[in-house]
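Bear in mind the structure is a predicted one, so any value in this text is a computation, not a measurement. Counting convention: from 1, in listed order, for ligands and their atoms alike.
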Amino acid sequence: MNNEAIEKAKEHFGNILEKQLQRVENMKKGEEWIDYKSLDKIIIGIVGGDGIGPYIAKEAQSILEFLLKEELENGKIEFKVIEGLTIENRAAQMKAIPDDVLEEIKKCHVVLKGPTTTPRKGDPWPNIESANVAMRKALDLFANIRPIKVPKEDVDWIFFRENTEDTYVLGSEGINVTDDLAIDFKVITTQGTDRIARLAFEYAKKNGINRVTIVTKANVVKTTDGKFLKIGYDIAKEYPEIQCDDWYIDIMTAKLIDPKRRTGFKVVILPNLYGDILTDEAAEFQGGVGTAGSANIGKRYSMFEAIHGSAPRMVKEGRAQYADPSSMIRAGAMLLRHIGLEERARNLEMALDICGQLEKKLSITGRPGGATGKELSDYIMDTLKDPELEKRWQSYQ
Ligand code: IPM
Ligand code: MG
């Protein structure tokens, strides 16, 4: 009986190894980075997603439409609204991303995506893979970049979370060897680590940042985290002007709360799962996950999203219009910067800082009594129109 179970598990494991080695081969080919400047037209996909997603995506879209008015008019940029990445449709098709939706997404260069519901055991939905995780894999979006800023407290962090490996990549392909034995897999590759670490060091170099921190649990998870750490330090040698240190995820989680330590962290590189957890904690300093945006960057495609979930409860309780769109709008700013529109990205970020943290004339509570998402996005839009925007922002520094 056990022998049969072991043989079946071995076969499953063998298939996994083949696929992962193929992925390594693909990474070795070293695809070129897309050059947006060489494109006649940049297509921006807008994917609403589930729950509060369509509500907050709409606000982000109208702010981008305002900022990109000229390019939309002269055809340099086009928006493509993509329907169908909903839990209902995904469940009906039993696909993390239905084929026709993925095809539409692949016609875009960059995508702004609302949160999607991730089914888990016990939900009314079939236990299909997370659309986020599937999209990161399908488009090879290997870098999940999550900046957190709290200017008043001198917090200015940027997390480079590896996005295509670790416990996530085979998260839906674990094995129940027997009723009693469940096994999941953690995958780290040389190429996968190299590319995220390089991106982080390049970012630090370009922005004059003199410190990069690698976070693992390499003292315990020796093979995979050990590899991640070693490659991180190997790449650090190519950047002698940048100080590189490393922390274990447990103490790192603690030190983010230590006011004396935390302001010292700047650029942080982490494997996927630690990155997932630490960035939620980090976002809490900035006002919660509702305020943080996230860039999922690959060489050909990029996707920008909120770091939080779809909050189906808010919709069920009729509170969707009170959802905070800041996270999606911040993701929109990251999108603008990524396609080379630095000044507009910066203006949008200043407006977000003013409206969400510095001046804060409106308060979003997620409930009646608080501002609606539309009111906040109108406030941000008015702030963007202020010719004295920069001065107004500076006055709080
Ligand atoms: C995130 C989210 C996703 C993740 C979920 C929705 C699968 O928590 O983007 O951080 O775990 O990556
Ligand atoms: Mg998360």
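- Residue Asp276 has at least one N or O atom closer than 3.5 Å to an N or O atom of ligand 1.
- Taking 4.0 Å as the cut-off between side-chain N and carboxylate O, Asp194 and Arg198 count as a salt-bridged pair.
- Ligand 1 places these atoms under 4.0 Å from at least one heavy atom of Arg161: 1 (C), 4 (C), 9 (O), 10 (O), 11 (O), 12 (O).
- Ring-plane geometry between Trp247 and Phe265 is classed as perpendicular, the angle between the planes exceeding 60 degrees on a 0 to 90 degree scale with a lower cut at 30.
- Classification of Arg392 and Asp386 as a salt-bridged pair holds, one side-chain N sitting under 4.0 Å from a carboxylate O.
- At a threshold of 4.0 Å, the pair Asp353-Lys149 does not count as salt-bridged, since none of the basic side-chain nitrogens sits closer than that to a carboxylate oxygen.
- Geometrically, ligand 1 and Ser130 share no nitrogen or oxygen pair separated by less than 3.5 Å.
- Neither the backbone nor the side chain of Glu129 has a heavy atom within less than 4.0 Å of ligand 1.
- The protein heavy atom nearest to atom 4 (C) of ligand 1 is Tyr168 OH, 3.4 Å.
- Among the atoms of Asp276, an N, O or S atom falls under 2.8 Å from the Mg ion (ligand 2).
- Of all the heavy atoms in Lys186 and Asp225, the pair that sits closest is NZ-OD1, 2.8 Å.
- Taking distance alone, with nitrogen or oxygen atoms compared against 3.5 Å, Thr118 stays at or beyond that limit from ligand 1.
- Remark: distances from the non-hydrogen atoms of Arg136 to ligand 1 include one below 4.0 Å.
- Between Lys69 and Glu73 there is a salt bridge, since a side-chain N of the basic residue sits under 4.0 Å from a carboxylate O of the acidic one.
- Considering only non-hydrogen protein atoms, atom 1 (C) of ligand 1 sits nearest to Arg146 NH2, 3.3 Å.
- The CG atom of Leu336 sits 9.5 Å away from atom CG of Leu112, with the distance rounded to the nearest 0.5 Å.
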